[in-house]
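This report concerns only the one structure given below.
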Amino acid sequence: MSRHQAYRNYDYENDLDEYEGEGFEDDDDELSPEDRAQMDAGTAQVRAALGESSKITTQQIQEALWHYYYDVDKSVTYLISKFIASSNKKKLGRPCTSRVSFAGFFDDMPWLNIPKERETIFAEPPRVRGGLRGGASNTGKPSKLQALAASRASRKKKADGQISGDKVVYEATQRLNDLSTSSPRQPELVKENVPPPSMSSKEAPCSTGTSTTNTSQLFGSKRLDTGSQPNITTDRPVDSLTPITAPPVAAPSPFAQALLGPADSSTAPVQKTFPFPYLSLTSSVADAFSAPSPDDVVLAAQSQASNKKLAASTSKKKTESRGKGEDAADGLNNLKIHDAPLPKSKNLKVLDEFEKTKGKKSASFVVVGHVDAGKSTLMGRLLLDLDVIDQRTIQKYRKEAESIGKSSFALAWVLDQRTEERSRGVTIDIATNKFETEQTSFTILDAPGHRDFIPNMIAGASQADFAILVVDATTGAFEAGLKGQTREHSLLIRSMGVSRVIVAINKLDTVGWSQARFDEISQQVSGFMSATGFQLKNISFVPVSGLHGDNIVKRSTDAAASWYDGKTLIEELESSEPMARALQKPLRLTISEVYRTAQSPLTVSGRIDAGSLQVGDALLIQPSGEKAYVKSLELDQEPVDWAVAGQNVVIHLSNIDPIHVRVGDIVCDTKEPVTCLDTFTVKVLAFDILMPMQVDVHRGRLHAAGQILEIPALLDKVKGTVLKKKPKIVKPASVARVVVKMGAKVPLEAGQRVVLRSGGETVAAGLLE
């Protein structure tokens with residue numbers, strides 16, 4: 001039967017009846033025997049707690065017990081609050097009155113029923129004595145401060161001859177006496193000369209009849225007299241104001257007499273208006289504190305004496321220095337702290353010392369190739385066969401690799417030291433190591449093969465004298481690499497100035513050491529490398545097996561590989577000559593790493609591109625422009641006094657803040673620093689279509705964003721002549737001159753090699769003009 005037929009015969013009414021509850025009858029007794037016994041016991045206890053006279057039914061009691069899980073106390077509390085207390089409130093009725101009294105609003109509150117004998121009696125606080133506060137002693141004897149103020153006031157008065165100021169003094173004294181504290185019960189706006197309500201008319205301190213005048217009238221008349229606000233008037237005319245008698249004046253204290261002078265015993269005229277206090281002080285009050293205090297006089301005298309001593313000592317030193325010569329004095333004044341190197345320098349002639357050593361020649365090579373071509377494993381086998389790494393370390397790495405299911409990565413872990421690199425199985429950053437042969441000291445720069453880490457590969461290639469291109473010989477892997485990073489890495493190393501390449505055809509043992517496969521790979525690689533710009537005489541091919549160590553240090557013992565009679569990989573390395581060193585040029589070093597050590601809070605490492613340096617030299621960090629000093633040097637983990645171009649050195653710096661130093665910065669000579677540019681012209685070879693667009697500029701470890709502003713000319717590859725001016729685009733494999741604008745200034749100079757990338761692809765490379 002089909003699904004639609006089953007739905008057609010579906011009896012939904014039966015399910016609907018079941019949903020509505022038909023066929024299920026509620027049992028009269030839903031409680032188990034245990035619950036029923038507990039319910040009966042709880043009902044009896046609740047009934048006993050409520051009393052037999054309670055009108056609460058048994059059903060209500062059982063519902064409460066069922067709700068509170070047979071908790072008798074909670075059930076009793078609920079029943080009393082629900083049925084008994086609510087019925088009592090309904091019976092209690094308040095008689096309705098026409099007038100609502102807030103006094104009886106809280107009659108049922110127990111805390112308001114306080115007996116009369118327990119009520120608090122509030123006593124009126126004593127009034128503060130009026131007049132000038134403070135300064136007067138009980139004995140009447142003036143203090144030293146009062147005497148000093150009195151003497152100054154008298155001298156000032158005699159000097160100025162202000163004899164006619166008694167009237168002004170009296171007015172100021174009168175205003176100060178009026179500022180007395182009123183009763184706490186008096187309103188805030190009532191004047192101090194109005195008697196408080198608790199005092200009778202007989203007790204009022206007024207010699208004549210007075211009448212209370214409101215504040216608006218008093219201040220209104222004042223405004224009319226002064227004329228400050230002519231638009232504001234009082235409610236009634238000024239003439240109708242009731243005259244106000246002067247309040248009683250207490251005897252002035254000695255301090256007040258010293259400040260204000262003697263009080264006038266003559267009757268002062270009755271004032272009708274009262275201005276705000278302290279608006280116009282008398283000249284005697286202001287003059288009393290116009291002169292410096294005794295403390296100020298003492299401090300000024302001490303300062304003057306110290307200045308005289310300092311001036312005498314300075315003049316004496318100047319006289320002595322002039323005797324020694326004005327030129328020496330000018331030189332000392334112009335001397336700055338940062339001009340003198342802090343570490344001690346031996347002032348060596350570095351180039352002469354370098355010629356005397358006659359040590360092994362140093363060379364650096366970068367290992368490039370497609371991802372998973374076996375670059376790290378090949379270098380690990382090379383270090384193992386040269387006894388740079390012992391077998392115990394390899395066994396340790398192999399045991400750790402087997403624990404995560406990557407037993408074949410044990411040799412690669414010699415260079416891949418980071419946890420992320422070991423877990424992912426790919427090289428991320430440049431891995432360095434060193435080994436020596438009888439003639440040369442080599443530095444390995446193991447570059448990442450993944451396309452996401454091309455900037456790190458460019459940084460490694462910029463430090464190399466020659467390169468090892470590793471090619472995977474397994475079926476399909478070589479063809480995939482030829483379309484991937486094998487070709488791009490070849491372009492990049494040629495763009496960075498590397499001309500000598502050793503092609504290591506790896507994993508040839510997986511195809512049975514087939515000579516035909518070796519010849520096929522050699523022909524294809526030679527073809528695209530010669531098209532890139534390499535000379536065939538500088539390219540050599542070596543069949544190797546990185547996992548088993550064939551033809552790396554020792555020749556292969558496999559009979560299938562007997563057809564190869566050429567050099568091994570280490571022999572090819574020894575026959576390669578490093579680039580010429582720019583020893584006579586100014587110091588240039590690109591910072592590869594910045595870290596902190598026990599010897600110095602700031603330590604940098606990198607390869608010296610040109611020049612030389614020694615301990616104690618003053619250096620300049622670009623583009624920050626900060627100066628630093630060489631505290632100590634390390635070469636091959638050994639302390640040295642100097643270093644020259646071509647060596648990878650560790651520099652411990654001093655007298656500089658670490659925030660001014662970053663990876664990719666240039667360490668240069670202070671006398672001939674590298675220039676910082678934000679716009680430059682570069683002659684490039686296009687690998688892709690070029691036009692005015694956003695690009696990333698790479699120079700060694702430097703990685704900065706920029707933009708191609710314009711393309712001035714299209715050039716001939718051989719002659720360098722201008723073929724076309726201002727082309728709109730540049731086709732691949734063409735040479736052009738482009739102008740690049742940077743987002744910020746970067747240290748660049750003519751002759752340096754840069755790489756332009758856009759969208760994760762290398763679009764051009766060339767030389768700065």
Side-chain angles (χ1 to χ4, degrees), residues 335-345 417-420 428-432 453 455-456 458-460 462-463 586-635 637 639 643 647-680 696-707 740-749 752 754-755:
L335 183 62
K336 296 181 181 179
I337 296 176
H338 60 269
D339 290 337
L342 298 181
K344 294 181 179 180
S345 176
Q417 297 289 333
R418 300 172 58 176
T419 304
E420 186 179 3
I428 296 176
D429 201 356
I430 292 292
T432 60
F453 311 115
N456 296 336
I458 295 174
S462 63
Q463 305 176 35
L587 175 65
R588 297 291 185 268
L589 182 144
T590 304
I591 297 176
S592 300
E593 292 182 88
V594 179
Y595 50 94
R596 182 186 183 95
T597 59
Q599 298 185 23
S600 175
L602 179 60
T603 301
V604 299
S605 64
R607 184 173 184 263
I608 302 178
D609 300 326
S612 60
L613 76 162
Q614 60 179 313
V615 176
D617 283 351
L619 306 177
L620 189 67
I621 310 297
Q622 291 285 56
S624 64
E626 295 294 324
K627 187 178 291 186
Y629 299 94
V630 180
K631 187 176 180 180
S632 59
L633 293 173
E634 288 185 14
L635 187 64
Q637 299 181 355
Q647 296 177 340
N648 291 276
V649 65
V650 177
I651 308 175
H652 301 283
L653 298 176
S654 64
N655 200 32
I656 187 172
D657 197 324
I659 63 174
H660 300 302
V661 182
R662 297 173 299 178
V663 174
D665 289 354
I666 299 295
V667 177
C668 56
D669 192 359
T670 56
K671 297 179 181 179
E672 299 183 55
V674 62
T675 56
C676 294
L677 306 175
D678 57 356
T679 304
F680 57 88
D696 292 333
V697 180
H698 297 264
R699 185 205 44 78
R701 283 283 184 178
L702 175 64
H703 177 202
Q707 180 183 5
V740 180
K741 172 71 175 179
M742 305 296 295
K745 288 189 175 182
V746 293
L748 293 173
E749 57 185 352
Q752 288 184 336
V754 295
V755 176

Note to self: Test of understanding: with side-chain contact (heavy atoms from CB on, under 4.5 Å), list the residues that count as partners of E420, not counting sequence neighbours.
What the structure shows: R418, R424, I428
Checklist line | For R662, side-chain contact (heavy atoms from CB on, under 4.5 Å) partners two or more places apart | finding: P623, D665
Which heavy-atom pair separates [X] from [Y] by the least distance, and what is that distance?
{"X": "P673", "Y": "Q622", "answer": "CB-NE2, 4.3 Å"}
{"X": "A618", "Y": "T670", "answer": "O-CG2, 3.5 Å"}
{"X": "R699", "Y": "G664", "answer": "NH2-O, 3.5 Å"}
{"X": "V649", "Y": "A643", "answer": "CG2-CB, 4.0 Å"}
{"X": "R701", "Y": "N456", "answer": "NH1-OD1, 3.9 Å"}
{"X": "G616", "Y": "Y629", "answer": "O-CD2, 4.5 Å"}

State, yes or no, whether a side-chain contact exists between [X] and [Y] at a heavy-atom distance under 4.5 Å.
{"X": "V650", "Y": "L635", "result": "no"}
{"X": "D696", "Y": "H703", "result": "yes"}
{"X": "V746", "Y": "V697", "result": "no"}

[X] side, atom [atom1]; [Y] side, atom [atom2] - distance, nearest 0.5 Å:
{"X": "I621", "Y": "D657", "atom1": "CD1", "atom2": "CG", "answer": "12.5 Å"}
{"X": "I458", "Y": "F453", "atom1": "CD1", "atom2": "CZ", "answer": "14.0 Å"}
{"X": "L633", "Y": "D617", "atom1": "CG", "atom2": "CG", "answer": "8.5 Å"}
{"X": "L702", "Y": "I666", "atom1": "CG", "atom2": "CD1", "answer": "7.5 Å"}
{"X": "L620", "Y": "C668", "atom1": "CG", "atom2": "SG", "answer": "4.5 Å"}
{"X": "S600", "Y": "I651", "atom1": "OG", "atom2": "CD1", "answer": "11.0 Å"}

Checklist line | All salt bridge (Lys or Arg N to Asp or Glu O under 4.0 Å) counterparts of E672, not counting sequence neighbours | finding: none
Item checked: salt bridge (Lys or Arg N to Asp or Glu O under 4.0 Å) partners of K741, counting only residues at least two apart -> D678
Notebook entry, point to check: What residues, two or more places apart in sequence or in another chain, satisfy side chain to side chain donor-acceptor pair (under 3.5 Å) together with S632?
Noted result: Q599
Next item on the list: Apply ring-ring contact (aromatic ring centres under 6.0 Å, His included) to F680 and list each qualifying residue two or more places apart in sequence or on a separate chain.
Entry: none
Notebook entry, point to check: Given the rule in the side chain to side chain contact (heavy atoms under 4.5 Å, CB included) test, do T432 and N648 qualify, once you have shown the distances and angles that lead to the verdict?
Noted result: CA-CA 10 Å; T432 60; N648 291 276; over 6 Å; no
Next item on the list: Not counting sequence neighbours, list each pair that qualifies as a salt bridge (Lys or Arg N to Asp or Glu O under 4.0 Å) and has a residue in residues 586-605.
Entry: R588-E749
Show which side-chain atoms of residues 602-612 pair as donor or acceptor with protein atoms under 3.5 Å away, not counting sequence neighbours.
residue: T603; atom: OG1; partner: T597; partner atom: OG1; Å: 2.8
residue: T603; atom: OG1; partner: H652; partner atom: ND1; Å: 3.0
residue: R607; atom: NE; partner: Q463; partner atom: O; Å: 3.0
residue: R607; atom: NH2; partner: D465; partner atom: OD1; Å: 2.9
residue: D609; atom: OD2; partner: T590; partner atom: OG1; Å: 3.1

